[in-house]
Amino acid sequence: MTATSNAAAGAATLMPLLIHLLRGASDLASVSATHAKLLKLGAASSVASSNHLLAAYGRCGCTALARHLFDGMRDRNVVSWTALMSGYASAGRPRAAVALLRAMARSGVPPNAFTFSTAASSCARLADAGLGRQVHARAEVAGYACDSVVSTALVDMYGKAGRVGDARAVFDAMPVTARNAVSWASMLSVYAQNALGHDAIQLFAELRTNGEDMAPNHFMLSSVVNACAGVGRLGIGKCIHGMVLHHGHEDNDVVAVALVDMYSKCGIYEYSKKVFDRINQPSVIPYTSIIVATAKYGLGRCALALFSDMVGRGVQPNSVTLLGVLHACSHSGLVDTGLQLLRSMRSEYGIDPCASHYTCAVDMLGRAGQLEEAFELADEAQVNGNDALMLWSSLLSACRNHKRLDLATMAGQKVSEFTQDVAGALVVMSNAYASAGQADDAAAVWSNMRRRGIRKDPGCSWIEIKDISYMFYAGVVSPAGSRAGEVMLLLDELEGKMREKGYKGRIGSARVLDADEEEDGNHHHQEGRGVMVGVHSELLALGLGLLVIPKGMAIRVMKNLRMCRDCHEAFKVISAIVEREFVVRDLNRFHHFRMGSCSCNDYW
DNA sequence: CTAGGGTTAG
């Protein structure tokens, strides 16, 4: 045997081993060691082994080395290009990954399905629908748009970019045979991630009825549970929990976290806690979700205890966790603890406070009535853009709540420096004037908004009755179709009884708006005629609940904005009059009304 | 050889 054929024989036996080593390697040291061995064997230069090396370097995040290798290759095939692209994508450089698609076209190597799915998922990371559409078009031309994986990646891409309709169009255009568990799960998550819980639930129901016995996997289940959480569908959520148990996914942490979140958002903290307690060795995300849940129920000290438990177990909190703990302090009036936490975030946990932490802390001070301190902190925060808008808007509402019109004007000034969507802030401003008795000024803000064509999302509430949810809008007098009259009569009657109980407020109050406006911040009530023209959406939902939900069952109402003080008072009094429990989930937290008082102790 | 899906907040 000659020397060369000896080496060739060695290479032939060693190659499979080395390739195997490369495939399993995810650290630079072992990849480069194997690379060296391949070089020694003289077997590193073939396209196949170069591709393996390329992919391995990509997997361990060494895009520079992968690129160097790629540039030095004599021949590059579609795998070489795709491996490099994938390396860029997983190294957090999705823009560079997509750019390779054009470079590839110029060099005359046609992409395959692997290439398109990698490119599409890179666009998903960028949440760039424009770029994604270009990838989609190229895939279409090349005949890969119907591929199962490619179309699933496109569904995900459109979804992440917020183009739900486009995502659904891709999903619907898929050949039925190409639609598998992953594509269904992707479409479900598109809905769930875009706050379209009702659509997710409906699609899941379609899968159940004509899905050819496709068992729900943990991806689908976590998305649907997430969807139930978003829209507060406790009934369906419980049912999905049953399916989780039935299919043996209760030990999956992601599913468990989704359940913790769902129960907490549907008003049953005890179930959240139960699901959380089953998770062994909870990581930062389960801990964060239970802390946030605990905070929402106003159990501030309990949330702090969970936090120290977590830290004690060596679980590193992240930025979201700290935001949750700050929320806990805020909702329970633990102002000093909250401020200490904000000040020690960097030194204790290595996390720099960002705009949301400052906003939360400013909100906490504002709620507690420490408005001067709140202003100081707001000035110190140095936030920009939309973050600043949120921060100053929250301060503006604090000024309003504490009837500090002097400071409100100052905060209003700050808010107006930001030219984005200022509708919410203007509404708060107008309410500040209204509650200070300056109705003309309040009306001026409104006419200003009308002139500038600024609209605000209407406040709405909904209630689930026998697995159907009924939606109500403030000022709309026809809730749930035919029962509108009954609801209005009931509320009218309740208002009378509330007065007997010494309730000073009204279900309706002085109005500032024109009749055609349906603004949540204002009640409509025509004095003297005893006719309720409009009323807050949560009261309409409560009215329907009182009519149809059997006595003894708590009435659960969901709302997309914060509950106003008047409604909060009304709910308290009504809970005493009718001797029932109400649970209201508002934008931020839960209110549990019982026997004339609320779990938040009027602090929220 | 190279590809697709789920969780905490806002």
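Remember, it's a predicted structure, so these values are computed and weren't measured experimentally. A, B, ... follow the sequence lines: proteins, then strands. Residue 1 opens every chain.
We find that OH of A:Tyr263 is positioned 18 Å from P of B:dT7, with the value rounded to whole Å. Note: OH (A:Tyr191) to P (B:dG6) measures 16 Å, nearest angstrom. Atom CG in A:Asp147 sits roughly 14 Å away from atom P in B:dG5 (whole-Å rounding). Atom pair A:Leu326:CG and B:dG10:P shows a separation of 11 Å (rounding to whole Å applied). Taking atom CE on A:Met262 and atom C1' on B:dT7, their separation rounds to 13 Å, with Å as the unit. Here B:dG6 presents its P atom at 18 Å from CD1 of A:Ile240, a figure rounded to the nearest Å. Atom CG of A:Asn226 is separated from atom C1' of B:dT8 by 10 Å (rounded to the nearest Å). Across the protein-nucleic acid pair, A:Lys265 atom NZ and B:dG10 atom C1' stand 11 Å apart, rounded to whole Å.
Residue-level contact check: A:Ala181 touches the bases, meaning some heavy atom is under 4.0 Å from a base atom. Residue A:His52 is classed as a sugar-phosphate contact, given heavy-atom separations below 4.0 Å to backbone atoms only. Contact annotation for A:Ile285: base contact, defined as any heavy-atom pair under 4.0 Å involving a base atom. A:Thr321 comes within 4.0 angstrom of no nucleic acid atom, judged by non-hydrogen atoms across all strands. Counting any heavy atom pair closer than 4.0 Å across all strands shown, A:Ala258 reaches no nucleic acid atom. Contacts of A:Ser189 with the nucleic acid, taken as non-hydrogen atoms under 4.0 Å apart, involve only primed sugar atoms and P, OP1 or OP2.
For A:Thr118, the listed nucleotide lying nearest its side chain is B:dA3; candidates were B:dA3, B:dT2, B:dG4. Side chain of A:Asn318, nearest nucleotide from B:dT8, B:dT2, B:dG4: B:dT8. Ranking B:dG6, B:dT7, B:dA9 by closeness to the A:Leu323 side chain, first place goes to B:dA9. Comparing B:dA9, B:dA3, B:dC1 by their nearest atom to the side chain of A:Ser117 picks out B:dA3. Among B:dA9, B:dT2, B:dG4, the nucleotide with an atom closest to any side-chain atom of A:Phe114 is B:dT2. When distances run from any side-chain atom of A:Thr288 to the nucleotides B:dG6, B:dT2, B:dT8, the shortest one goes to B:dT8. Distance from the side chain of A:Asp156 is smallest to B:dG5 among B:dG5, B:dA3, B:dC1. Set against B:dT8, B:dT2, B:dG4, the side chain of A:Asn112 has B:dT2 as its closest nucleotide. For A:Val255, the listed nucleotide lying nearest its side chain is B:dG6; candidates were B:dG6, B:dG5, B:dT2. Nearest to the side chain of A:Val292, among B:dG6, B:dG4, B:dA9, sits B:dA9.
Interface residues of residues 81-105 of chain A facing DNA chain B, ordered by number: A:Thr82, A:Ser86; criterion, heavy-atom separation under 4.0 Å.
You won't find any donor-acceptor pair under 3.5 Å spanning the side chain of A:Ser223 and the base of B:dG5, going by distance alone. In the interface, the side chain of A:Asn217 is not paired with the base of B:dG6 through any donor and acceptor atom under 3.5 Å apart. One N or O donor and one acceptor, one from the side chain of A:Asn252 and one from the base of B:dG6, sit under 3.5 Å apart.
Salt bridge annotation for A:Arg133-A:Asp166: present, with a cationic side-chain nitrogen under 4.0 angstrom from a carboxylate oxygen. Between A:Asp363 and A:Arg562 there is a salt bridge, since at least one side-chain N of the basic residue sits less than 4.0 Å from a carboxylate O of the acidic one.
Once the 5.5 Å centre distance and the 30° plane angle are applied, the aromatic ring of A:Phe219 is found not to be stacked with the base of B:dG6.
Side-chain nitrogen and oxygen atoms of A:Arg76 include none within less than 4.0 Å of the OP1 or OP2 phosphate oxygen of B:dT2. Applying the 4.0 Å criterion to OP1 and OP2 of B:dA9, one finds that A:Asn588 has every side-chain N and O outside that range. Checking the phosphate oxygens (OP1, OP2) of B:dG4, no side-chain nitrogen or oxygen of A:Lys160 falls inside 4.0 Å. The side chain of A:Lys296 contributes no N or O atom lying less than 4.0 Å from OP1 or OP2 of B:dT8. Taking only side-chain nitrogens and oxygens, A:Asn51 never comes nearer than 4.0 Å to OP1 or OP2 of B:dT2. Between A:His327 and B:dG10 there is a side-chain polar atom (N or O) within less than 4.0 angstrom of OP1 or OP2. A:Gln193 has a side-chain polar atom (N or O) that falls below the 4.0 Å cut-off from OP1 or OP2 of B:dT7.
For A:Asp71 against A:Arg76, the heavy-atom pair with the smallest separation is O-NH2, 3.3 Å.
Inspection of the A:Arg168 and A:Tyr191 side chains reveals an N or O donor paired with an N or O acceptor under 3.5 Å. Residues A:Tyr358 and A:Asp387 have side chains that never bring a donor and an acceptor to within less than 3.5 angstrom of each other. Between A:Ser186 and A:Ser183, the side chains place no donor N or O within less than 3.5 Å of an acceptor N or O (distance only, hydrogens not considered).
Sorted by first and then second residue, the pairs that involve residues 243-266 of chain A and meet salt bridge (Lys or Arg N to Asp or Glu O under 4.0 Å), not counting sequence neighbours, are A:Asp251-A:Arg278, A:Asp261-A:Lys265.
Ring centroids of A:His136 and A:Phe116 are separated by 6.0 Å or more, keeping the two rings apart. Between A:Phe219 and A:Trp184, the distance separating the two ring centers is not shorter than 6.0 angstrom.
For the pair A:Arg179 and A:Phe171, the cation sits on the ring face: its NZ or CZ lies under 6.0 Å from the ring centre, inside 45° of the axis.
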